[in-house]
Amino acid sequence: MGLYGIPHLRAPADWARLSSNTLASAKAIAAAIRQLPPPARVSPPATAASVADAVVPPLATLPPPPPPVLPAIDALSNTLCTVLDAAEFARHTHPDPAHVAAAGAAYEELAAYTHGLNADAGLYGALTAAADAVGVSRGGGIGDGGGHRPADNDGGGGGDGGGSGSHPKGHYRRPLADIDARMLSSLLADMRRGGMGLPPAQRQRVVGLAGAAAAASATFYAAAARAERLCSPAAAAAAAAAAATTTTSGHRHRADDSRDAAVAAADAIVGPDGGGGGGDALVDLLVARHSLATALGEADWMGLAFAGHDRAVGGVRGVDRLLGGVAAALRAGDPDPLLVRGREMKAADEAIVAAAAEGRWWVRRERTAAGGEGGEGGSSGRGELPPLLPWDEAHYRARAEAEAEVAAATAAEAQSRSAPPEGTSSSPTLPPRLPLSVCIRGVRFLLRALFSLRMTRVEWEPGEAWAPGVDKFALSHATTATTTTTTTTSTTTTTTTTTTTTTGTAATAATATDAVVPGGDTTPPPSPFPSLPLATVYLDCLPRVTKFAAAAHFTIRCSRRVDGGGPYAGAQTPVVALVTNFGRPRPRAEVEVSASPPHASGRWRQRPRRPAMKAAPAEPTLSPPQLRTLLHETGHLLQSALSASPYQHTSGTRVAVDAVEIPAVLAERAAAWPPLVDRLARWVGHPPMCPRPSTPPPSTPLPPTGVSLRSFLSPSTPVPDAVRAARGQLFLARLDVELHSAALHADLPADDPAAARRELKARIAAAVRRHRAATMGGGSGGTPPSTDDAAAVAAVDLAHAVSVGHLGSYGAGYYAYLLAEVVAAGLAEEVAEGGGAGRCRPPDGRPCCRGRGARG
C-alpha cells in the first residue's frame, strides 16, 4: 500500500509513474469503447395477454440491463478519477512541497487527457448510438439554440447527423433504468458542451474556448485563494481605524487612514490593469465563459448552464422566482438597525470634523430625536444620513454592535433578577468557543444517533498517512463490527512514520456517551457478523500553514457498484476526507508610525506594517459558525460515503450542481439539535443551569427552521445573525447571476480590448455595490459616494468580487446555497411537525432534488 491506500505511491517521483500507467490504461479502455458494436435491434414488447400468461411475473419487473457503453465509460472515468482526485487532494493538503508539485503535474497531465475525451468523436458516436437505441435525447438541447443542425457532421453517432436528436428508423426504444438514463444524458450533455455535434470548424473553436474557460477558471481560483490569504480591504480598514486616535482630529484621520488602507489592500488583490492580477483573472473567466456560451448558440452562460436540463431548478426563470421569494422572506433591503445606527455615528463624527474645521474644538455629544449621536451642526436626525462606504462599514458596525451588547447585557441582568418559573429547566449553556476534539466527538455522536453509523478507528497501512495528527476511521453500520478495529485508550496515535499526540482531534476511541441514542443511554450490542465498512474516512483537522485554507470535503475514491459480470463490472469502497484548518496562523494587520515629516494637515502618516503571523494554539477552538461549517462538510461526507449510485460518475456529490448543497445545509441544522447541544455542554463542563427533566422524551426532532423569517425582523430590533448570513448568500447569488448574464457584455468597445476590460471591471464593481445596497440592509444607502471616493469604492468593490472563489466553481449556480436552505427548512419543519421527510416540490410540481444517485 501507499499514500491514500494507492499501491506503490510513496515518493514524489511515483506520481509520474502512476500518471503514465493510468494514461495507458485509459487509452486502452477508450480504444475498446470505440470498437463496441452498435446496439442490436430490439423486438417489440410482448402483448398484454402474453405478459399475463408469464410463468414468473416478477421477472417482468426486473430493470433492463444498461447499454454496454455505460459500464465501459464509467470504468474509463473511474480509472482517471482515481488518480485525479487523489492528486487534487494531495496538492491541497500534503505538507511536502515535492509531493505537491509532483501531484500537480500529474493532475495537469491527466486533466488535459480527460478534457480531450470530451471531444472524442468515437466515444460520442458510441453514446449517441446507445441513446438512439433507448430513446434518450442526444444532448438535452445544448448546441441547438443557434440552429446548429449540420447534415455533414462527422462527430459520430450514425447517419442522421451528430446532434439532431432524431433516432434511426426501425429501432424500438427499449426501456432504460432511471439511473442509466440520467447517466447517459449527463455524458451526452457534457460532450455537447465540448462542441460535439457541431461542424468541424465550429467544434474546433468550441474546444479551444472550452479549454480557455477551464484555464481561466483555474487561474481565477488561484487568485481568489490568494485574496483569501491576503488582508481583506475591510480588515485593513478596521485595523487602521483602531489605530487612529480618538481625539477631535482623530475622526478625520480615521476616515483617511481607513480609506488608504482599504485601497492598498484592494490593489494588492486586484493587481494592475494588464498585470495578470485578480481583476484580470476575473475578467478573463467571464469573457471566456460568455464566448463559449455564444459559440454553442446560447445567449449567455446562464442559458448554457440550464440548456442541458440537468439542474434541479427549472430554468433561469426558476432562479429568478427563487431569489425573489427569498428576498421577500428576508425583507432584503430593509434597514438593518445596526447599520442605520452606524450611519448616525458617522454623521456625528462628520459633524465633529466640520466643527473643528470652523475653529470650534469642542463639540457636545447628545442623543438626537432620531436616536443618533449628534453635535452642533450635525446632520443626524435632521437630514439624509451619510452612506457607509466599504472602509466604513466594519468600523461603525463594530461600534453599533458594542453599544447593542451593552444594552442587551443591561436588560439580561435586569431579567436575571427574577427567578425562573418553578418546574422549568434552562437550556445548557455553551462557551463561545469549543475545542475541536469536542466538536468532532459531537459529529461522531450525530452519526450514531441519527444515522446508526459508527466511526471506528482503524490502523494505517504502511505509507498511507501523509501528516502527523491525521486520523483514519472506518464508517460502518452501528450494528456491525469491523474486523480492522483497534482499541485505543489514550490520545496517542501511532503511525508508520511518526508518533504524535492528537490533542486537537477526536482521536479518542468512541466512548459510551458517543453511542447514546436520543431514546436513552443504551448502546446496542455489535452484530456477530462482520462486514466491510461503508467507507474509509480521513480526518485531517489540525491546522497547517501549507494546507487548504478553508474547511472542505474531498472524495479521494468514489463509490462504484457496477454489476453484470462483464469486463467493466466491479465494486469499490469510497475513500473520503474531511479537512479543516481552523486556527491556522493568519496574517495580522498592524500599523506603525513613520518618522517622516507630517503632512500638511499636521498629522503623522501611519502606514501598514508587514503582517505578522499569529501563533496557532495548541488545540484549535471553534466558534458556533465554525461548528456549523464542520457539520456542513460532514453532510457532504455522508453524500459520498452513502451513495447508492452504481456508477462512480454519478456518485456522491456528483449530482445536479444546484442540489449538491441540500444534504450539507440540512446537516448544519444539527448544530441546534438539543441532544447534541446538551452533550457538548457536558463534555466541556457547562451543564444546564437547572436540572434536566428526569424522563427525557423518546426522541427529539431537529429544530424547526421553516418558521417565517419575518418574525425575526422589526424596525427596532437588530437583524439576527442567521438572517444577515442569508442576506449575504442572497447578495452573492444575485451577483453571480448578473456576472454571468449577457447584459454584462453588452455594448463593450469592440475596437479597443483594453478599454473593454476597463469597462468590464467598472461594471463588475458597480454590480457589487448595487446588489450589496439592495440586499444587505441599507448600510451603503444614502447619497452616492463623492467623486473623490468613487475610484476608491470601485477598487474595493472589485476586490470583493475577486475574493468570491465560488464564482469559479459555482458559476451561474451560487443560488444552490439558497435552494438548499429553502429545501432544508421545509424538511426540518416536516420532521418537527411529525409529518416525516416527504419530498418537497416547488410550485411547478416537479421534484426539487434530482440528485443522480446521492443519498443524503
Side-chain angles (χ1 to χ4, degrees), residues 29-30 32-42 62-81 114 117-144 155-158 160-168 171-197 306-312 558-564 566-569 643-652 654-657 659 850-854:
I29 298 175
I33 294 173
R34 298 186 191 101
Q35 301 301 321
L36 285 175
R41 295 177 182 269
V42 181
L62 294 177
V69 68
L70 292 186
I73 289 284
D74 191 67
L76 174 61
S77 177
N78 186 63
T79 300
L80 292 168
C81 290
T114 303
L117 291 178
N118 289 330
D120 190 289
L123 300 184
Y124 183 70
L127 289 170
T128 53
D132 293 339
V134 298
V136 172
S137 172
R138 287 189 168 190
I142 295 179
D144 296 336
D160 66 322
S164 66
S166 60
H167 305 283
H171 278 238
Y172 166 71
R173 281 101 170 135
R174 60 185 178 186
L176 196 64
D178 186 56
I179 182 61
D180 296 331
R182 289 198 297 269
M183 170 76 166
L184 185 55
S185 297
S186 171
L187 292 170
L188 286 167
D190 289 342
M191 299 194 78
R192 290 300 297 272
R193 288 189 178 100
M196 299 307 299
F306 287 94
H309 306 292
D310 53 359
R311 295 281 182 105
C558 289
S559 170
R560 185 171 187 263
R561 300 179 184 86
V562 177
D563 300 325
Y568 304 112
S643 176
S645 172
Y647 302 113
Q648 72 87 29
H649 189 76
T650 56
S651 68
R654 297 178 178 181
V655 299
V657 68
R850 297 192 302 147
R852 299 191 300 256

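Side chains are part of it too, since the values below use all heavy atoms of this structure and drop only hydrogens, waters and symmetry mates.
- Here the CG atom belonging to L117 is positioned 5.5 Å from the CG atom belonging to L76, to the nearest 0.5 angstrom.
- For the atom pair CZ (R311) and CZ (F306), the distance works out to 5.0 Å, reported to the nearest 0.5 Å.
- In this structure, D180 and V134 have side chains that are not in contact, with every pair of non-hydrogen atoms separated by 4.5 Å or more.
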_Set out, in order, the CA-CA distance, both residues' side-chain angles and the distance that settles side chain to side chain contact (heavy atoms under 4.5 Å, CB included) for R654 and C81, then state yes or no._
CA-CA 12 Å; R654 297 178 178 181; C81 290; 3.8 Å; yes
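- With sequence neighbours excluded, the residues satisfying side chain to side chain contact (heavy atoms under 4.5 Å, CB included) with P646 are I179.
- Put simply, the side chain of H649 reaches to within 4.5 Å of the side chain of D190, judged on heavy atoms.
- Rounded to the nearest 0.5 angstrom, Q648 CD and T79 OG1 are separated by 8.5 Å.
- Under the salt bridge (charged side-chain N to carboxylate O under 4.0 Å, His left out) criterion, D74 pairs with R560, sequence neighbours left out.
- Inter-residue side-chain proximity for P68 and Y568 is flagged as unmet; no heavy-atom pair is nearer than 4.5 Å.
- Partners of N78 according to the side chain to side chain donor-acceptor pair (under 3.5 Å) rule, which considers only residues two or more places apart in sequence or in another chain, are Q572.
- Remark: R34 engages D120 in a salt bridge (charged side-chain N to carboxylate O under 4.0 Å, His left out) (not counting sequence neighbours).
- Between the side chains of S559 and S651, no donor-acceptor pair is found at a separation under 3.5 Å.
- Residues satisfying the side chain to side chain contact (heavy atoms under 4.5 Å, CB included) criterion with V69, sequence neighbours excluded, are I33, L36, P67, I73, A126, L127, A130.
- Separating the CZ atom in R561 from the OG atom in S645 is a distance of 9.0 Å, to the nearest 0.5 Å.
- Formation of a donor-acceptor pair under 3.5 Å by the T128 side chain with backbone atoms of G125 is found in this model.
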